[in-house]
Amino acid sequence: MIHDDVLSLIGETPIVRLRRLKVENRSEILVKLEAYNPGRSIKDRSALFMVEQAERDGRLLPGGTIIESTSGNLGKALALIGAVRGYRVVLVVDPKVPRSVLQFAAGLGATLDFVTIPDQHGGYQGPRIERVKALCAEDPSLFWPDQYNNPDNPRAHASVTATEILADLDFVDALVATVSTGGHVTGLSRTLKQHLPQLVTVAVDAIGSSTFGHPFSTYKMRGIGLAWKPNNLDHSLIDRFHPIADHEGIATSRVLVRHEGIYVGESSGAAIFAALHYAHHHPGHRVLVVAADDGVNYLGESFDTDWLRRHGLGQVLDDSALCDPSGLVRAAITPTHQPMLFETSASTISRTNFAP
Ligand SMILES: Cc1ncc(COP(=O)(O)O)c(C=O)c1O
């Protein structure tokens with residue numbers, strides 16, 4: 001098949017069944033591998049959608065400049081689009097962004113603008129946004145996609161990603177997805193729930209993130225979580241919330257590559273850890289996990305033994321329970337933090353009880 005450019009390779013990502021990392025109760029865990037996009041993550045889809053809408057609206061003119069705050073993957077996607085369509089791309093990044101991600105974006109011609117001073121909680125997301133706002137104030141011609149607030153971010157998944165899933169699967173009992181901007185969990189749930197009204201959506205977040213209203217503290221997983229509640233997250237579409245600890249998400253991504261040959265990042269590890277928990281308590285259910293990015297992003301971090309020890313995560317290497325599929329499944333059944341059920345009424349959301 002001949003494609004006119006690499007952007008037309010975005011989407012149609014494969015779904016793979018887990019064969020060794022599973023629960024023996026007739027449940028099934030399917031993983032949609034977003035690393036098969038040309039920018040190696042799910043953010044290719046939202047980036048393209050936001051850029052194309054801005055092109056239509058005239059907010060982004062030929063030869064213009066795109067600016068965005070990014071922890072990595074949206075930056076890679078925008079850099080790719082910029083290279084293909086002739087836009088200059090400025091990415092506001094911080095020291096937590098993996099080196100290989102920065103190299104990937106720089107290789108595509110993006111300019112990297114570093115924020116080095118964190119906020120009082122040790123996070124960089126707020127300072128990055130402030131930097132973007134300052135640069136936009138200096139040059140109003142810059143196009144800022146604003147992934148946390150731009151409705152085209154969830155729309156990309158509601159219209160494109162969800163349609164792909166419905167074409168591939170005739171039913172799914174549960175959708176498990178990680179949350180940062182809330183774009184993909186919101187967009188996917190919106191469309192999938194219209195077609196599959198019984199679908200349970202499990203939103204997966206990092207312990208330490210404030211997305212679901214908890215106080216912020218730093219954590220090691222990348223791409224997941226936020227220091228505030230994103231406007232693009234529609235809580236009314238979320239049925240459960242499962243906070244995951246660094247060691248749980250990172251250990252799962254390492255076991256996945258060793259025992260399934262699936263190289264995905266730590267947020268995908270977190271989602272699969274949550275899916276194992278859900279599957280254990282729901283015999284016979286089919287669980288679809290969205291694996292947001294490529295593990296190759298983190299070869300110098302969570303896949304590197306020295307990095308893990310230096311960052312206080314030696315437990316991932318030393319605890320035999322976290323190093324093989326059966327131990328990991330046992331750990332997922334009794335996780336550090338229990339998932340929470342949300343009960344949604346017309347306009348209010350209350351946390352009800354701990355979910356099995
Ligand atoms: C690796 C990774 N996982 C999960 C997410 C969360 O995706 P969303 O922004 O759609 O909530 C992101 C977003 O940047 C990501 O890069």
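Values in this document were obtained by computation on a predicted structure and should not be read as measured data. Order of appearance sets the numbers: ligands from 1, and atoms from 1 within every ligand.
- Residues forming a ring-ring contact (aromatic ring centres under 6.0 Å, His included) with His311 (at least two apart in sequence, or on another chain): Trp307.
- The closest side-chain donor-acceptor pair between Lys43 and Gln147 falls under 3.5 angstrom.
- Figure legend: Arg222 and Tyr298 shown without cation-pi pairing, the cationic atom not lying both under 6.0 angstrom from the six-membered ring centre and within 45 degrees of its axis.
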Side-chain donor-acceptor pairs under 3.5 Å in residues 74-86, sequence neighbours left out?
{"from": "Lys76", "atom 1": "NZ", "to": "Asn297", "atom 2": "OD1", "distance (Å)": "2.6"}
{"from": "Arg85", "atom 1": "NH1", "to": "Glu52", "atom 2": "OE2", "distance (Å)": "3.2"}
{"from": "Arg85", "atom 1": "NH1", "to": "Glu55", "atom 2": "OE1", "distance (Å)": "3.1"}
{"from": "Arg85", "atom 1": "NH1", "to": "Glu55", "atom 2": "OE2", "distance (Å)": "3.4"}
{"from": "Arg85", "atom 1": "NH2", "to": "Glu52", "atom 2": "OE2", "distance (Å)": "2.9"}

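- Under 4.0 Å from any atom of ligand 1, one finds heavy atoms of residues Lys43, Asn73, Thr178, Val179, Ser180, Thr181, Gly182, Gly183, His184, Gly223, Ser267, Ala292, Asp293, Tyr298.
- In summary, the side chains of His285 and Ser27 do not present any donor paired with an acceptor at a separation below 3.5 Å, with no hydrogens or angles considered.
- Every salt bridge (Lys or Arg N to Asp or Glu O under 4.0 Å) that Arg59 has, sequence neighbours left out, goes to Asp57.
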